[in-house]
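Computed from a predicted model, the values in this text were never measured in an experiment.
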Amino acid sequence: MQWEHLTALALFAFVSTFTPGPNNLMLMTSGANVGFNRTLPHMLGITIGFPVMVILVGFGLVEVFARYPVIHQVLKVMSLSYLFYLAYKIARSQPPQTGNETYKPLSFLQAASFQWVNPKGWSMALTAVTVYNPDNSLLGLGLIAFIYALANLPSGTFWIVAGKQLQYFLTNAKRIRLFNYSMAALLVISTLPMM
């Protein structure tokens, strides 16, 4: 991969991982509800799960989708359905102060698996593999995965810390409920470009 392509890929990875999307909204929500330490496995699941997805997409799913576009459409419907389910769970979470803490952050494996039903993740992976690895080389694929792993660490940390800082505002049950409803709505809105 040429230096210009590597720089462009790094910029694309940085921008695409920092912009709001399902992963970042859920990290912020989790940071606000349960703090940094309990959200860390979720962030690490994204950091490892997305590069694994990029590698597997590069190994052949791009060709499968090109040959059988209906598979991509079915996956899209399943992904959006799952995101709506997650938005519902976020909206229905009870504030931790009630003694009935219903908000549960995603585990490492859940977050890694979530990448496969994340429409923004699919869009990022397909774009990165097709645009930044036109020769379909193994080295290029490995670099894309590595750069995304590096970009996900500061991005995830930023969104968790942003959520954690919201805890200073989320001082009563009404504000926490409003925040959770707002984050659920933003999660749904973040899917609109993928529809």
Can you tell me how far apart [atom1] ([X]) and [atom2] ([Y]) are? Round to the nearest 0.5 Å.
{"X": "Ile144", "Y": "Asn133", "atom1": "CD1", "atom2": "CG", "value": "4.5 Å"}
{"X": "Leu106", "Y": "Lys89", "atom1": "CG", "atom2": "NZ", "value": "9.5 Å"}
{"X": "Trp159", "Y": "Thr29", "atom1": "CH2", "atom2": "OG1", "value": "10.0 Å"}
{"X": "Phe50", "Y": "Met124", "atom1": "CZ", "atom2": "CE", "value": "4.0 Å"}
{"X": "Leu27", "Y": "Ser155", "atom1": "CG", "atom2": "OG", "value": "7.5 Å"}
{"X": "Met28", "Y": "Asn24", "atom1": "CE", "atom2": "CG", "value": "9.0 Å"}

Handout entry: Sidechain-backbone polar pair: Arg38 side chain, Pro105 backbone, donor-acceptor under 3.5 Å
Key =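 It does not hold such a pair.
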
Practice task
Ignoring hydrogens and angles, tell me if any N or O in the side chain of Ser123 forms a donor-acceptor pair with the backbone of Pro119 under 3.5 Å.
Solution key: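 No, because the side chain of Ser123 does not come within donor-acceptor range (under 3.5 Å) of the backbone of Pro119.
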
Which heavy atom in [X] sits nearest to a heavy atom in [Y], and how many Å separate them?
{"X": "Met53", "Y": "Ala125", "answer": "CE-CB, 4.1 Å"}
{"X": "Tyr181", "Y": "Arg92", "answer": "OH-NH1, 3.8 Å"}
{"X": "Leu153", "Y": "Met43", "answer": "O-SD, 3.9 Å"}

Practice task
Evaluate the ring planes of Phe158 and Phe18, with Trp represented by its six-membered ring, and classify them as parallel (under 30°), tilted (30 to 60°) or perpendicular (over 60°).
Solution key: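 If you compare the ring of Phe158 with that of Phe18, the planes turn out tilted.
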
Exercise for the section: Report yes or no: do Trp116 and Leu25 belong to one cluster of Ile/Leu/Val/Met/Phe/Trp/Tyr joined by side chain heavy-atom distances under 4.5 Å? Expected result: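 Per the 4.5 Å side-chain linkage, Trp116 and Leu25 are co-clustered.
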
Exercise for the section: Report the C-alpha separation of Ser16 and Tyr148 in whole Å, then their side-chain angles, then the decisive distance to 0.1 Å, and conclude whether the side chain to side chain donor-acceptor pair (under 3.5 Å) test is met. Expected result: CA-CA 9 Å; Ser16 61; Tyr148 264 104; 3.0 Å; yes

Practice task
Establish, yes or no, whether a centroid distance under 6.0 Å links the rings of Phe84 and Tyr88.
Solution key: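 Between Tyr88 and Phe84, which both carry aromatic rings, the centre distance is not below 6.0 Å.
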
Problem - Side-chain H-bond candidate by donor/acceptor type, Thr19 with Lys120, under 3.5 Å - result: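 Yes, side-chain donor-acceptor contact under 3.5 Å.
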
Exercise for the section: Determine whether the side chains of Thr127 and Tyr132 contain a donor N or O and an acceptor N or O closer than 3.5 Å. Expected result: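 Tyr132 and Thr127 do not have a side-chain donor-acceptor pair below 3.5 Å.
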
Exercise for the section: Test Asn152 against every option in Thr157, Ile147, Thr47 by the side chain to side chain contact (heavy atoms under 4.5 Å, CB included) rule and name the one that passes. Expected result: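 Exactly one pass, corresponding to Thr47.
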
